[in-house]
Each structure stands twice: as structure tokens, then as C-alpha cells.
Amino acid sequence: MEILDRRLEKVAVDMERSQMADYVLLLNRPLSLIWRNLLAGIFRGVGIALGFSIFAATIIYILQFLGALNLPIVGDYIADIVRIVQHQLEGKVY
């Protein structure tokens with residue numbers, strides 16, 4: 001009987017450590033669950049937008065730096081991009 005009691009106490013401690021009761025309470029309150037997921041999605045979206053902005057700014061900075069060096073390969077590539085954009089703006093098909 002003592003072994004069973006110790007085993008049961010260990011299971012109870014493990015369940016408390018896994019916060020199973022908090023999870024069940026959260027599932028029983030769907031509005032709270034929806035609210036938490038909505039906030040998590042908003043913050044995740046803001047984080048992705050900020051991260052992409054920083055990444056894009058870094059890439060643009062590097063391309064500007066490379067463009068200032070007048071490297072032949074990079075300069076030709078940038079000139080092709082400018083030419084394509086100008087054709088698109090004029091309404092012509094490239």
C-alpha cells in the first residue's frame with residue numbers, strides 16, 4: 001500500500017509540474033483562449049514585419065554600398081533592374 005501511495009504522489013507531482021489543471025481551465029474558457037491566440041498572432045505578425053523591415057533595410061544598404069563601388073557585374077545587374085522597371089512604367093512588355 002505504501003508503494004502505491006508513493007506512486008500516486010509522484011503522479012500528482014508530475015501532473016502539477018506539467019500544469020495540466022491550467023490547461024484544462026483554459027480549454028473550458030474559449031473566449032480566453034481566443035483572446036490569447038489573437039494577441040499571440042498580432043504580436044507574431046508585428047515581429048515578422050519588424051524583422052523583415054530590418055532585413056530589407058540591411059540588404060538595401062549593402063546594395064547601395066556595392067553600387068557606389070561601381071563594380072561591373074553589380075552595376076550591370078542594377079542597370080538591368082532599372083531598365084526592366086522603366087519598361088514596366090512605360091507600359092511596355094519586357
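Throughout, numbering of the chain's residues begins at 1 and tracks the sequence. No experiment lies behind these values; they were computed from the predicted model shown.
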- Message: Nearest 0.5 Å, please: how far is CG in Leu4 from CZ in Arg6?
- Response: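 The CZ atom of Arg6 sits 10.5 Å away from the CG atom of Leu4.
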- Query: Residues two or more places apart in sequence or in another chain: which of them pass side-chain contact (heavy atoms from CB on, under 4.5 Å) with Asp22?
  - Reply: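 Checked Asp22 against side-chain contact (heavy atoms from CB on, under 4.5 Å); matches are Gln19.
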Please table the atom pairs, donor to acceptor, closer than 3.5 Å between any side-chain atom in residues 42-62 and protein atoms at least two apart or in another chain.
unit_1 : atom_1 : unit_2 : atom_2 : d
Ser53  : OG     : Ala49  : O      : 2.8
Thr58  : OG1    : Ile54  : O      : 2.8

- Please tell me if the side chains of Arg83 and Asp80 come closer than 4.5 Å, counting only heavy atoms from C-beta onward.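 Answer yes - side chains close enough.
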- Message: Taking transitive links into account, so neighbours of neighbours count too, which hydrophobic residues share a cluster with Leu33 at under 4.5 Å side-chain distance?
- Response: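 Tyr23, Leu26, Leu27, which link up through side-chain heavy atoms under 4.5 Å apart, make up the rest of the cluster.
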- Query: What do you reckon, is CD1 of Ile3 surrounded by more than 12 foreign heavy atoms closer than 6.0 Å?
  - Reply: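 Atom CD1 in Ile3 is not packed in, count stays at 12 or less.
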- So, Asp5 side chain and Met1 main chain: donor-acceptor pair closer than 3.5 Å or not?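 Not a single qualifying donor-acceptor pair exists.
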